[in-house]
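Order of appearance sets the numbers: ligands from 1, and atoms from 1 within every ligand.
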Amino acid sequence: MDIKTITLYKIKMPLKTPFSTHLGTVKDREGIIIEVIDQEGRKGYGEGVAFSSPWYTEETVETSYYMLKEFLIPIMRNAEIKHPSEAGRVFDAFRRNQMAKAALETALWDLAAKKEDISLSKYIGGQRELIPSGVVVGAKTKEEVRRQIEYYLESGYQRVKIKISPANDYEFISEIRRFYPDLPIMADANSAYSLDDIEHLKRLDDFGLLMIEQPLEYDDIVDHAKLQKELKTPICLDESIVTFNDARRAVELGSCKVINIKIGRVGGLGTAKKIHDYCLDKGIQVWCGGMLEFGISRAHNIALASMEGFSIPGDISASGRYWEEDIILPEVTVENGMIKVPDKPGIGYEINEKRLNEVSTSKECIAL
Ligand SMILES: O=C(O)CCC(=O)c1ccccc1C(=O)O
Ligand SMILES: [Mg+2]
């Protein structure tokens with residue numbers, strides 16, 4: 001792809017409001033921004049979505065940075081990648097580290113679409129011009145949950161996801177149902193339950209949740225299959241799906257009825273597309289997950305969610321949901337619950353250079 005240089009930025013930005021799950025609270029978001037430049041001066045952007053500590057997956061900002069610098073960028077010197085769809089196979093010479101791989105791979109997709117002078121959405125076969133948006137509430141009290149939901153509904157969001165655990169699930173969801181009997185809600189447990197909680201989880205069936213996300217262990221597909229047989233509420237897998245074969249096996253086992261696709265978690269847009277195509281064929285619903293991301297990953301998510309199978313509103317909210325000022329221009333906005341898919345080349349957003357520099361804690365340019 002004639003790459004000349006790859007620049008890695010580490011950035012850090014405070015969230016507008018802290019985001020809590022039963023696993024902890026995120027106040028400041030650190031991440032990696034990648035800029036690839038080709039011989040003709042075209043620029044492609046990717047974002048590393050690992051967190052500062054390994055609470056969601058085993059990767060961190062520092063481990064993905066290390067992987068990028070020591071292995072993924074060096075292997076590009078020998079591999080001669082002609083199209084971004086080949087990058088996944090090249091990077092799979094190294095085990096896992098999906099978020100590091102996705103950060104670089106998505107930058108190549110942006111660049112390749114820009115070379116063809118079409119939007120990334122069109123480039124990957126997306127069809128939607130508008131995508132439905134959803135918002136996630138990660139709050140500590142039911143009052144906070146109610147206040148946030150009221151605010152987001154006024155802002156036009158039409159689907160709400162709530163973070164739950166055995167300590168607050170019934171309290172939070174019954175409170176929401178009391179005020180919003182018909183609101184489409186989903187609940188994300190981030191592995192807060194075990195099979196011992198089957199009776200407890202059955203009580204949630206009465207609330208008519210769209211789905212419950214990742215109730216059991218982060219690497220499980222066997223116990224989820226047992227649980228799905230007992231629950232009316234559809235199970236959606238997030239953490240358990242890290243590769244295409246994870247998705248295939250989970251579907252074959254009946255571990256879930258829905259899959260949350262995150263580009264970072266599955267190692268890139270190539271695998272994300274492949275999981276989408278497979279699920280569309282098998283009648284498994286998919287939607288696009290979120291990682292409290294900055295604008296570049298948000299833009300990649302929008303392109304992905306423009307594909308046919310993404311019929312359920314994803315965790316793709318406006319830039320302003322998390323940031324005082326994002327690193328892209330224009331920022332992502334939500335109108336009547338929908339996000340407009342950009343039609344400009346590549347990800348379709350410009351980089352807000354001033355903001356990027358303001359929030360950068362380091363910058364390193366590597367020649368290829
Ligand atoms: O709005 C978003 O970006 C996020 C949502 C979210 O639920 C999440 C945020 C950070 C880590 C994991 C998850 C998750 O989907 O489990
Ligand atoms: Mg989740």
Side-chain angles (χ1 to χ4, degrees), residues 13 15-31 47-61 98-99 102 131-139 145 148-149 151-152 155 157 159-165 169 172 185-193 209-220 224 234-242 246 250 256 258-266 272 286-302 304-305 312-323 326 332 334 339:
M13 221 193 274
L15 295 177
K16 264 187 182 173
T17 50
F19 184 85
S20 293
T21 72
H22 76 104
L23 297 169
T25 297
V26 181
K27 284 201 184 78
D28 292 299
R29 178 66 161 113
E30 291 180 291
E47 182 176 318
V49 296
F51 292 104
S52 309
S53 79
W55 66 271
Y56 170 72
T57 64
E58 71 285 1
E59 290 180 89
T60 70
V61 174
Q98 311 301 58
M99 292 178 182
I131 57 160
S133 165
V135 69
V136 186
V137 172
V145 168
Q148 286 197 27
I149 290 181
Y151 174 79
Y152 292 130
S155 318
Y157 291 102
R159 183 233 75 182
V160 174
K161 180 171 115 180
I162 173 92
K163 292 290 196 181
I164 58 161
S165 76
D169 50 8
F172 284 4
I185 18 178
M186 36 210 249
D188 188 357
N190 293 105
S191 307
Y193 301 85
L209 298 174
L210 288 178
M211 68 195 74
I212 181 165
E213 187 177 335
Q214 197 72 36
L216 307 179
E217 271 178 305
Y218 71 91
D219 58 354
D220 168 78
H224 278 100
I235 291 178
C236 169
L237 287 178
D238 174 358
E239 284 89 329
S240 295
I241 309 299
V242 178
D246 287 344
C256 62
V258 189
I259 292 179
N260 163 342
I261 302 182
K262 290 185 186 174
I263 300 170
R265 200 195 60 229
V266 302
V286 300
W287 52 278
C288 180
M291 284 292 289
L292 311 173
E293 51 248 302
F294 303 105
I296 291 164
S297 173
R298 210 164 282 272
H300 282 284
N301 286 346
I302 292 168
L304 176 66
I312 306 176
D315 288 348
I316 313 178
S317 49
S319 296
R321 157 71 180 91
Y322 291 111
W323 315 120
D326 203 345
V332 176
V334 171
I339 294 172

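At a heavy-atom distance under 4.0 Å, only side-chain atoms of K163, from C-beta outward, approach ligand 1. With a heavy-atom cut-off of 4.0 Å, Q214 does not touch ligand 1 at all. At a 4.0 Å heavy-atom cut-off, ligand 1 touches D238 through the side chain alone. Proximity of D188 to ligand 1, defined as any heavy-atom pair under 4.0 Å, is confined to the side chain (atoms from C-beta onward). Contacts of N190 with ligand 1, taken as heavy-atom pairs under 4.0 Å, involve the side chain alone.
Counting only distance, with no hydrogens or angles, the side chain of K163 and the backbone of H22 share no donor-acceptor pair below 3.5 Å. In this structure, E47 contributes its side chain and G31 its backbone to no donor-acceptor pair below 3.5 Å. No side-chain donor-acceptor contact under 3.5 Å links E59 to the backbone of A50. In this structure, D326 contributes its side chain and S319 its backbone to no donor-acceptor pair below 3.5 Å. No donor-acceptor distance shorter than 3.5 angstrom exists from the side chain of T60 to the backbone of P54, with no hydrogens or angles considered. A donor-acceptor contact shorter than 3.5 Å links the side chain of R298 to the backbone of E293. Side-chain N or O atoms of R265 include none that pairs as donor or acceptor with a backbone N or O of S240 at under 3.5 Å. A donor-acceptor pair under 3.5 Å is absent between the side-chain atoms of D169 and the main chain of I164, judged by distance alone. Side chain of H224 to main chain of Q214: no donor-acceptor pair is present (N/O by atom type, distance under 3.5 Å, no hydrogens or angles).
Results of the salt bridge (Lys or Arg N to Asp or Glu O under 4.0 Å) test with D315 over K262, R159, R321 single out R159 as the only residue that passes.
Within ligand 1, counting atoms from 1 as listed, the ones closer than 4.0 Å to a heavy atom of E293 are 3 (O). Residue F51 has at least one heavy-atom neighbour below 4.0 Å for each of these atoms of ligand 1: 10 (C), 11 (C). Listed by number with element, the atoms of ligand 1 under 4.0 Å from a non-hydrogen atom of M291 are 3 (O). When each atom of ligand 1 is checked for a heavy atom of L292 under 4.0 Å away, the hits are 2 (C), 3 (O), 9 (C), 10 (C). Listed by atom number, the atoms of ligand 1 under 4.0 Å from V136 heavy atoms are 1 (O), 4 (C), 5 (C), 7 (O).
The heavy atom nearest to atom 13 (C) of ligand 1, considering only R265, R298, K262, is found in K262.
Looking only at heavy atoms of the protein, atom 11 (C) of ligand 1 is closest to W55 CH2, 3.4 Å. Among all non-hydrogen protein atoms, the one lying nearest atom 2 (C) of ligand 1 is Y322 OH, 3.2 Å.
For the pair D188/V136, no side-chain contact is recorded, criterion being any heavy-atom separation below 4.5 Å from C-beta on.
Residues in residues 210-219 take part in these salt bridge (charged side-chain N to carboxylate O under 4.0 Å, His left out) pairs, two or more places apart or across chains: K161-E213.
Proximity of Y218 to ligand 1 is not established, as no heavy-atom distance is less than 4.0 Å. No heavy atom of R321 sits closer than 4.0 Å to any atom of ligand 1.
Classified by interplanar angle (parallel below 30°, tilted 30° to 60°, perpendicular above 60°), the ring pair F19/Y322 is perpendicular.
Here 3 is the count of protein N, O or S atoms positioned under 2.8 Å from the Mg ion (ligand 2), waters not counted.
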